[in-house]
Structures are given as structure tokens and as C-alpha cells.
Amino acid sequence: MSNEFQRPVSVDFAPRGSACEWCGKPAERQLTAIGGTYHNESGVFCRTCGELFVQGVANSLSASTFTQVRQQQQ
């Protein structure tokens, strides 16, 4: 992913005092999914949970692309 327009999520700073939506630790980033089944879903996350969120979005995009290719081949 060479630039911000090709990433599966947009990244912003979390509002001061925010807690991670998944684990409750202090949040570092606000992430918003771009495309795929998670399109426009967002939340504030600590670093670890944020990485898991990004991976989940990327996996959903890969699965979606794979399904589209399979349908075109049939």
C-alpha cells in the first residue's frame, strides 16, 4: 500500500481521553474502513486492537475480491 488512497482504512487521532472500543485501554487512533463489507465502520482503538481491526478489513476486501474473480470465471 504505497499511499493513503490505497489503504483499507483511514487513520485519524483518537479524541483525547478515548478508550479502545474492544479492550478499554487508552485509544490511540480512530480508524474508518474504506470499502469491503466493513465500509464506513469506524471506531477508536489502542495500537494492538487497531492492527486487528485493519487486518479484519483487509481480509474482508481480499475475500470480496476472490469471490468476484470466482464469479467472473464461471
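Positions are given from 1, in the same order as the sequence printed here. FYI, side chains are in, hydrogens and waters are out, and symmetry mates aren't considered; it's all heavy atoms of this structure.
Shown here for P8 and V57, the closest heavy-atom pair between the two residues is O-CG1, 3.5 Å. Contact between Q30 and S42 at its shortest, heavy atoms only, is NE2-OG, 4.4 Å.
No side-chain heavy atom of S10 sits less than 4.5 Å from a side-chain heavy atom of L31. Residues P26 and C46 have side chains not in contact (no heavy-atom distance under 4.5 Å, counting atoms from C-beta outward). Two residues are said to be in side-chain contact when any heavy atoms from C-beta on lie closer than 4.5 Å; V44 and C20 fail this criterion.
Taken to the nearest 0.5 Å, the CZ atom of R29 stands 14.5 Å off from the SG atom of C49. The distance from atom CZ of F53 to atom OG1 of T48, rounded to the nearest 0.5 Å, is 15.5 Å. The CD atom of E41 lies 13.5 Å from the CD1 atom of I34; values are rounded to the nearest 0.5 Å.
One hydrophobic cluster holds both V54 and V11 under the rule that ILVMFWY side chains link at heavy-atom gaps under 4.5 Å.
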Please report the C-alpha distance between L52 and F45 in whole Å, then the side-chain angles of each, then the deciding distance to 0.1 Å, and finally whether the side chain to side chain contact (heavy atoms under 4.5 Å, CB included) criterion is met.
-> CA-CA 10 Å; L52 293 171; F45 301 97; over 6 Å; no
